[in-house]
There are 2 protein chains.
Amino acid sequence: MSGKSGQPTINDVARLAEVSKKTVSRVINRSPLLNEETRERVEKVIRDLGYVPNPQARALALRRNFLVGLIHDNPNAQMVLNMQHGILEALSGTDFEMIVRPVDRTSPMMLQDVRTFLERQRLFGVVILPPISENDALADLCEELNCRYVRIGSAELDDADHMVASNDREVVREATEHLIHQGHKLIGLVEGPDGFRSAQERRLGFEDALKSAGLPLPRSLIARGNYTFETGVTAANRLFDLSPRPTAIFASNDEMAAGVVFAARERGIIVPDDLSIIGFDDTPIAAHIWPPLTTVRWPIVSMARAAARKLVGDIVGGESAEPQPSVLPSMLVKRSSVAPPPS
Amino acid sequence: MSGKSGQPTINDVARLAEVSKKTVSRVINRSPLLNEETRERVEKVIRDLGYVPNPQARALALRRNFLVGLIHDNPNAQMVLNMQHGILEALSGTDFEMIVRPVDRTSPMMLQDVRTFLERQRLFGVVILPPISENDALADLCEELNCRYVRIGSAELDDADHMVASNDREVVREATEHLIHQGHKLIGLVEGPDGFRSAQERRLGFEDALKSAGLPLPRSLIARGNYTFETGVTAANRLFDLSPRPTAIFASNDEMAAGVVFAARERGIIVPDDLSIIGFDDTPIAAHIWPPLTTVRWPIVSMARAAARKLVGDIVGGESAEPQPSVLPSMLVKRSSVAPPPS
DNA sequence: TTGTACGCGTTATCAT
DNA sequence: ATGATAACGCGTACAA
């Protein structure tokens, strides 16, 4: 090594391989115009030395960091963490690292904050999680700042290069049909908050199923929550006050579904004998409450993995990068919270 | 601006303030040897220009990134995410960002992986989460690589500068005493996995309480789990098979406690009438199962915040940085899973 | 196909 | 107290 500081630099490699820095640089960046023999010689030196390009220097020269940002606005912990796992899975073995950035959806400074963040860190790209992913201004901002981005959502929010989505509407329709096939005719909906695309898509799927079956859907059978356990309890109680009472409830996520289960128990309503419940997400809570919850498994990890691959695929995959899917299927997971209605 | 690329650089500031780059650099880095007048002039230009130092260039020159790493080995999602929140809270408003690094505790490559990671990214420092924080070799590695670190754990693992801990033993003793005061004499323990300091501390606290009360603790009343819901179920069933059956159970974390509740329901054992249960962590699941779980609130966010402040305090706080606490108290949260034993 | 010279934006050295 | 100049390690014109 030239210096004393430990890591070998590109100069060390160049000297030992008896070529110029530039040639080493070409090897690293897989330049096609290179003598095969030269490349091998350089690669051998690189291996022998254990040389790894310095990310800081690359970032400075390229005006772009080898970091993938994760922008989210704190939906629920399990989802965020699963997304992180998916992204890190896709990034493992590459030079990329993940940097996490929570934002406040309700703050008027949100866009400015993100702008500052992106300008400063010069990220390679960002993955944007729902629900903030539905914000078009944010996507435009990324575009403007020349920062790649992929949005994850419950519907096709953007063109295929900038989006990974799930088929919420379709799968909720299936879930609701499962309830209908069991014989339920009075089915309540605990829907997600206004302005969330996921809430909207899931409601549409719910309505699709009821419409196809010729079942009526009075406004009173729909109660809104905001994806938290507590609002699930409240919404359920509103539904329980109805007469006749619904014999089944679809909740737009598991937390609210857990709230419904909780509220039912408080009232002495037995699940699933008196009331069937289906949730959405398949977070751990779904399997851990009593009775275990029938729910929709949302392919979080796969979506995140696909998003990250879409972002860095060109770089790490070279020519061989497989195109990543833009729509990933959810599936119904049947457990014990659904039964035929009481006779 | 000199260039066209948007952000002003240190050169722009120097030119407009009619000083050298180095002087600007001194202003930025709060060098004490600076004419007050010069400093103010430069600061004004900096404000007017909206100049912000380029982190990539700084990283290269300083051989140190302005990034704080979070090293964890996937304990549970809620904890990891809360830790992230705590760290980001401490970092917000500073130039630091957080980069997340999960590792595999069981892999023989773990240390090598971390070494590569730290050498490459040249992090400013890392926060290490339990249980991997208990690994002394990892701390030594950080030391060797000249990377600051703070370990978070259930006991004092290191000197005050390198550690933030909770008082698990003490608070579990209190929790157990709560059970004893209710009249329970046959109390089971679902303990955490072997080799985890948290498991050990909590068990010690449990034993302390029983010993003080003069209660016997036959080996059969202790069942081991590995902090997952499923092992909680298994351990509970082992305890339920005992005759006489314990009238109360302390579980070393909430997930296992939820498993105990689940197992009890499967057997028709009513909580808390037939069985009292206390958990540990106060994750959301504790409040969302039925009955709501009495548990120990573990100050995760505060610990993470303190850890991050300890890491970057010297830099961002200047002289005024308050020393961060090294031991944070947990507290018992009483809900509905505890009652006097059946008569 | 390969090399030379310079730029990226900052900090450090050593003068003055 | 301040400034000229050289690192820091890599990428890119442009030349050879």
Side-chain angles (χ1 to χ4, degrees), chain A residues 1-43 45-46 49-66 95 119-122 124 315, chain B residues 1-43 45-46 49-66 95 119-122 124 315:
Chain A
M1 328 229 159
S2 67
K4 53 277 132 195
S5 80
Q7 269 86 293
T9 76
I10 198 172
N11 293 305
D12 301 317
V13 177
R15 186 159 22 78
L16 267 72
E18 296 174 313
V19 294
S20 72
K21 291 193 337 184
K22 180 56 199 169
T23 301
V24 179
S25 174
R26 288 202 179 91
V27 172
I28 295 169
N29 297 310
R30 299 197 182 108
S31 163
L33 349 106
L34 253 182
N35 187 323
E36 193 54 37
E37 187 188 345
T38 316
R39 147 168 294 134
E40 278 167 16
R41 182 154 40 96
V42 173
E43 277 177 345
V45 175
I46 289 182
L49 238 42
Y51 163 76
V52 180
N54 177 314
Q56 285 76 41
R58 300 232 285 179
L60 182 57
L62 285 171
R63 291 178 200 72
R64 166 155 291 177
N65 233 319
F66 276 32
D95 290 337
E119 279 177 346
R120 293 250 263 273
Q121 299 301 325
R122 296 177 183 274
F124 179 85
I315 307 298
Chain B
M1 334 238 152
S2 65
K4 52 278 130 190
S5 81
Q7 271 86 293
T9 76
I10 199 172
N11 292 305
D12 301 318
V13 177
R15 187 161 20 79
L16 267 73
E18 295 173 314
V19 294
S20 72
K21 299 197 320 188
K22 182 58 198 170
T23 301
V24 179
S25 175
R26 288 199 178 93
V27 172
I28 295 169
N29 297 311
R30 299 196 182 107
S31 162
L33 349 108
L34 252 182
N35 188 322
E36 194 52 39
E37 186 189 346
T38 315
R39 148 168 293 133
E40 277 167 18
R41 183 153 40 98
V42 173
E43 277 177 345
V45 175
I46 289 181
L49 239 43
Y51 163 75
V52 181
N54 177 314
Q56 284 76 41
R58 301 232 283 181
L60 181 57
L62 286 170
R63 292 178 200 71
R64 164 157 292 177
N65 233 319
F66 276 34
D95 290 337
E119 279 177 346
R120 293 251 264 273
Q121 299 301 325
R122 295 176 181 275
F124 179 86
I315 308 296

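Throughout, a chain's letter reflects where its sequence line sits, starting with A, and its residues are numbered from 1.
- One interatomic measurement links the two molecules: CD of A:Gln121 to P of C:dG9, which rounds to 16 Å at whole-angstrom precision.
- For A:Tyr51, the side-chain atoms get nearest to D:dC10 when compared with the rest of C:dT2, D:dC8, D:dC10.
- Residue A:Gln56 contributes atom CD, which lies 16 Å from atom C1' of D:dG11 at whole-angstrom precision.
- Between the P atom of D:dC10 and the CZ atom of B:Arg120 lies a distance of 12 Å, rounded to the nearest Å.
- Phosphate proximity of D:dG9 to A:Arg58: absent, as no side-chain N or O sits under 4.0 Å from OP1 or OP2.
- Each of C:dT11, D:dA1, D:dG11 was ranked by its minimum atom distance to the side chain of B:Ser25; first place goes to C:dT11.
- Of the candidates D:dG11, C:dT1, D:dA1, the closest approach to any side-chain atom of B:Thr38 belongs to D:dA1.
- Summarising the geometry, the separation between CD1 on A:Ile46 and P on D:dC10 is reported as 10 Å, rounded to the nearest angstrom.
- When each of D:dT2, C:dC8, C:dT10 is scored by its nearest atom to the side-chain atoms of A:Ala61, the top-ranked nucleotide is C:dC8.
- Taking CG of A:Asn54 as the reference point, atom CD of B:Gln121 lies at 9.5 Å (rounded to 0.5 Å).
- Residue B:Glu18 comes nearest to B:Arg41 through the heavy atom pair O-NH1, 4.0 Å, listed as atom of the first residue, atom of the second, then distance.
- Atoms NZ (B:Lys22) and P (D:dA7) sit 16 Å apart, rounded to a whole Å.
- Listed nucleotides C:dG3, D:dG11, D:dG3 differ in distance to B:Thr23; the shortest reach to its side chain belongs to D:dG3.
- Protein atom CD1 of B:Ile10 is 17 Å distant from nucleotide atom P of D:dT5, rounded to whole Å.
- Distance NZ/B:Lys22 to CD1/B:Ile10: 8.5 Å, rounded to 0.5 Å.
- When the nucleotides C:dC8, D:dG3, C:dG9 are ranked by their closest atom to the side chain of B:Asn54, C:dG9 comes out on top.
- Using a 4.0 Å heavy-atom cutoff across all strands shown, B:Leu62 reaches sugar-phosphate atoms only and no base atom.
- B:Arg58 contributes atom CZ, which lies 11.0 Å from atom CG of B:Asn65 (distance to the nearest 0.5 angstrom).
- Look at CG on A:Leu60: it is 9 Å from P on C:dC8, rounded to the nearest Å.
- Counting non-hydrogen atoms under 4.0 angstrom, A:Val24 reaches nothing in the nucleic acid.
- Of the residues near DNA chain D, B:Lys21 and B:Glu18, the one whose nearest nucleotide (by heavy atom distance) lies more toward the 5' end is B:Glu18.
- Each of D:dG3, C:dG3, C:dT10 was ranked by its minimum atom distance to the side chain of B:Asn11; first place goes to C:dT10.
- When each of D:dC10, D:dA1, C:dT10 is scored by its nearest atom to the side-chain atoms of B:Asn35, the top-ranked nucleotide is D:dA1.
- A sub-4.0 Å separation between OP1 or OP2 of C:dG9 and a side-chain N or O of B:Thr9 is absent.
- For the atom pair CD1 of B:Ile28 and OH of B:Tyr51, the computed distance is 3.5 Å after rounding to the nearest 0.5 Å.
- With sequence neighbours left out, the salt bridge (Lys or Arg N to Asp or Glu O under 4.0 Å) criterion links A:Arg26 to no other residue.
- In terms of position along DNA chain D, the nucleotide closest to B:Arg26 lies nearer the 5' end than the nucleotide closest to the other residue of the pair B:Ala57 and B:Arg26.
- Distance B:Glu37 CD to D:dA1 P: 13 Å, rounded to the nearest Å.
- Judged by distance alone, with hydrogens and angles left aside, A:Arg64 brings no side-chain donor or acceptor close enough to the base of D:dG11 to form a pair under 3.5 Å.
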